Amino acid sequence: MSAVASRRLWVIAGGIALGIGIVGIVVPLLPTTPFLILAAYCFSRGSRRLHDWLLKHPTFGPPIRDWREHRSVSGKAKLSAIIAIAFIFAFSVLLEAPGWALALQGVILGGVTVFLLTRPAPPAQ
(Lines give C-alpha, C1' and ligand atoms only; values in the text may rest on other atoms or scores of the structure.)
Protein backbone atom coordinates (compact mmCIF):
# COMPACT_ATOMS: atom_id res chain seq x y z
CA MET A 1 0.00 0.00 0.00
CA SER A 2 1.36 3.42 -0.89
CA ALA A 3 1.98 6.10 1.71
CA VAL A 4 -0.75 8.28 0.19
CA ALA A 5 -3.32 5.48 0.37
CA SER A 6 -2.29 4.71 3.94
CA ARG A 7 -2.71 8.35 4.99
CA ARG A 8 -6.13 8.46 3.33
CA LEU A 9 -7.23 5.39 5.29
CA TRP A 10 -6.06 7.01 8.54
CA VAL A 11 -8.00 10.18 7.68
CA ILE A 12 -11.13 8.14 6.89
CA ALA A 13 -10.78 6.20 10.16
CA GLY A 14 -10.29 9.49 12.02
CA GLY A 15 -13.36 10.98 10.37
CA ILE A 16 -15.46 7.97 11.34
CA ALA A 17 -14.21 8.11 14.94
CA LEU A 18 -14.87 11.86 15.08
CA GLY A 19 -18.37 11.35 13.67
CA ILE A 20 -19.17 8.70 16.28
CA GLY A 21 -17.77 10.97 18.99
CA ILE A 22 -19.97 13.84 17.83
CA VAL A 23 -23.01 11.58 17.85
CA GLY A 24 -22.02 10.65 21.42
CA ILE A 25 -22.54 14.25 22.47
CA VAL A 26 -26.29 13.90 21.96
CA VAL A 27 -26.76 10.14 22.47
CA PRO A 28 -26.55 9.57 26.22
CA LEU A 29 -25.07 6.06 26.22
CA LEU A 30 -22.46 6.59 23.51
CA PRO A 31 -19.11 7.80 24.86
CA THR A 32 -17.55 10.84 23.25
CA THR A 33 -14.02 11.19 24.61
CA PRO A 34 -12.65 7.75 23.64
CA PHE A 35 -13.73 8.34 20.05
CA LEU A 36 -12.16 11.82 20.06
CA ILE A 37 -8.90 10.34 21.34
CA LEU A 38 -9.07 7.69 18.60
CA ALA A 39 -9.77 10.38 15.99
CA ALA A 40 -6.76 12.38 17.15
CA TYR A 41 -4.57 9.29 16.90
CA CYS A 42 -5.82 8.49 13.40
CA PHE A 43 -5.45 12.09 12.26
CA SER A 44 -1.89 12.16 13.65
CA ARG A 45 -1.10 9.35 11.21
CA GLY A 46 -2.99 10.76 8.25
CA SER A 47 -3.23 14.55 8.40
CA ARG A 48 -1.26 16.96 10.55
CA ARG A 49 -3.75 19.71 9.65
CA LEU A 50 -6.79 17.74 10.91
CA HIS A 51 -4.87 16.59 13.97
CA ASP A 52 -3.92 20.14 14.90
CA TRP A 53 -7.48 21.37 14.24
CA LEU A 54 -8.92 18.71 16.55
CA LEU A 55 -6.48 19.44 19.38
CA LYS A 56 -7.10 23.19 19.12
CA HIS A 57 -10.89 22.85 18.90
CA PRO A 58 -12.51 24.61 21.89
CA THR A 59 -14.91 21.73 22.63
CA PHE A 60 -13.06 18.63 21.46
CA GLY A 61 -9.50 19.62 22.27
CA PRO A 62 -9.47 19.85 26.10
CA PRO A 63 -10.41 16.23 26.90
CA ILE A 64 -7.90 14.94 24.33
CA ARG A 65 -5.13 17.16 25.71
CA ASP A 66 -6.01 16.20 29.31
CA TRP A 67 -5.68 12.53 28.41
CA ARG A 68 -2.46 12.95 26.44
CA GLU A 69 -0.71 15.23 28.92
CA HIS A 70 -1.94 13.94 32.27
CA ARG A 71 -3.79 10.66 31.61
CA SER A 72 -6.67 12.38 33.37
CA VAL A 73 -10.45 12.42 33.01
CA SER A 74 -12.63 15.31 34.16
CA GLY A 75 -15.08 14.81 37.00
CA LYS A 76 -17.98 15.63 34.69
CA ALA A 77 -16.88 12.96 32.19
CA LYS A 78 -16.44 10.41 34.99
CA LEU A 79 -19.89 11.14 36.39
CA SER A 80 -21.54 10.94 32.97
CA ALA A 81 -19.82 7.65 32.20
CA ILE A 82 -20.71 6.08 35.53
CA ILE A 83 -24.35 7.13 35.20
CA ALA A 84 -24.43 5.60 31.71
CA ILE A 85 -22.80 2.41 33.03
CA ALA A 86 -25.37 2.12 35.82
CA PHE A 87 -28.22 2.76 33.36
CA ILE A 88 -26.93 0.12 30.94
CA PHE A 89 -26.62 -2.50 33.67
CA ALA A 90 -30.03 -1.65 35.17
CA PHE A 91 -31.60 -1.85 31.72
CA SER A 92 -30.08 -5.30 31.21
CA VAL A 93 -31.49 -6.42 34.56
CA LEU A 94 -34.93 -5.06 33.63
CA LEU A 95 -34.78 -6.93 30.33
CA GLU A 96 -34.02 -10.08 32.31
CA ALA A 97 -30.77 -10.80 30.49
CA PRO A 98 -29.35 -14.28 31.19
CA GLY A 99 -27.22 -14.62 34.31
CA TRP A 100 -24.03 -15.26 32.36
CA ALA A 101 -24.60 -12.09 30.31
CA LEU A 102 -25.19 -10.03 33.46
CA ALA A 103 -22.06 -11.49 35.05
CA LEU A 104 -19.96 -10.73 31.97
CA GLN A 105 -21.43 -7.27 31.68
CA GLY A 106 -20.84 -6.68 35.40
CA VAL A 107 -17.17 -7.64 35.12
CA ILE A 108 -16.57 -5.46 32.05
CA LEU A 109 -18.55 -2.46 33.29
CA GLY A 110 -17.05 -2.83 36.75
CA GLY A 111 -13.58 -2.79 35.23
CA VAL A 112 -14.38 0.34 33.25
CA THR A 113 -15.75 2.00 36.39
CA VAL A 114 -12.63 1.15 38.40
CA PHE A 115 -10.45 2.44 35.57
CA LEU A 116 -12.36 5.73 35.43
CA LEU A 117 -12.36 6.23 39.18
CA THR A 118 -8.61 5.68 39.39
CA ARG A 119 -7.81 8.32 36.74
CA PRO A 120 -6.80 11.66 38.21
CA ALA A 121 -8.71 14.86 37.54
CA PRO A 122 -6.98 17.23 35.12
CA PRO A 123 -5.07 20.08 36.73
CA ALA A 124 -6.96 23.34 37.09
CA GLN A 125 -6.64 25.48 33.99
Side-chain angles (χ1 to χ4, degrees):
M1 178 180 311
S2 73
V4 172
S6 178
R7 283 194 307 273
R8 284 184 183 154
L9 287 176
W10 282 115
V11 169
I12 290 167
I16 291 168
L18 179 60
I20 294 170
I22 290 170
V23 170
I25 293 170
V26 295
V27 176
L29 300 179
L30 185 63
T32 298
T33 304
F35 287 105
L36 295 179
I37 293 168
L38 177 60
Y41 175 80
C42 293
F43 287 154
S44 74
R45 301 279 192 249
S47 170
R48 174 60 53 191
R49 182 180 60 82
L50 289 171
H51 175 263
D52 292 346
W53 168 81
L54 188 57
L55 262 61
K56 291 176 185 173
H57 192 278
T59 301
F60 305 141
I64 298 168
R65 291 191 305 270
D66 287 342
W67 180 252
R68 281 189 171 181
E69 296 168 11
H70 309 287
R71 293 294 188 244
S72 62
V73 179
S74 73
K76 181 181 175 185
K78 288 179 191 180
L79 180 62
S80 296
I82 291 169
I83 289 170
I85 287 168
F87 180 80
I88 290 167
F89 192 76
F91 190 67
S92 296
V93 170
L94 289 173
L95 290 177
E96 299 178 357
W100 66 266
L102 290 174
L104 180 61
Q105 191 176 32
V107 168
I108 293 169
L109 295 176
V112 171
T113 300
V114 168
F115 176 80
L116 284 171
L117 293 175
T118 58
R119 298 306 96 200
Q125 300 296 332

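Bear in mind that the values here come from a model prediction, so they are computed numbers and not experimental data.
- Here S92 pairs with Q105 under the side chain to side chain donor-acceptor pair (under 3.5 Å) rule; sequence neighbours left out.
- The OG atom of S2 lies 8.0 Å from the CZ atom of R7; values are rounded to the nearest 0.5 Å.
- Annotation: ring pair (Phe, Tyr, Trp, His ring centres under 6.0 Å) contacts of F35 (sequence neighbours excluded): none.
- Side chain of S44 to main chain of Y41: a donor-acceptor pair is present (N/O by atom type, distance under 3.5 Å, no hydrogens or angles).
- L54 places none of its side-chain heavy atoms less than 4.5 Å from the side chain of L50.
- Taking CD1 from I64 and OG1 from T33, the interatomic distance works out to 8.0 Å, rounded to the nearest 0.5 Å.
- Rounding to the nearest 0.5 angstrom, the gap separating the CZ atom in R68 from the CD1 atom in I37 is 9.0 Å.
- A single hydrophobic cluster is not seen to contain both I12 and L38; linkage of ILVMFWY side chains at heavy-atom distances under 4.5 Å, directly or through other members, places them apart.
- Linking Ile, Leu, Val, Met, Phe, Trp and Tyr whenever their side-chain heavy atoms come within less than 4.5 Å puts V11 and W53 in one cluster.
- Sparse packing is recorded around CZ of R8, with 12 or fewer heavy atoms of other residues, nucleotides or ligands lying under 6.0 Å away.
- S47 places no side-chain N or O within donor-acceptor distance of the main-chain N or O of F43, the cut-off being under 3.5 Å.
- In this view, R48 and D52 satisfy the salt bridge (Lys or Arg N to Asp or Glu O under 4.0 Å) rule, not counting sequence neighbours.
- For E96, the CD atom counts as loosely surrounded, since its 6.0 Å shell holds 12 or fewer non-hydrogen atoms of other residues, nucleotides or ligands.
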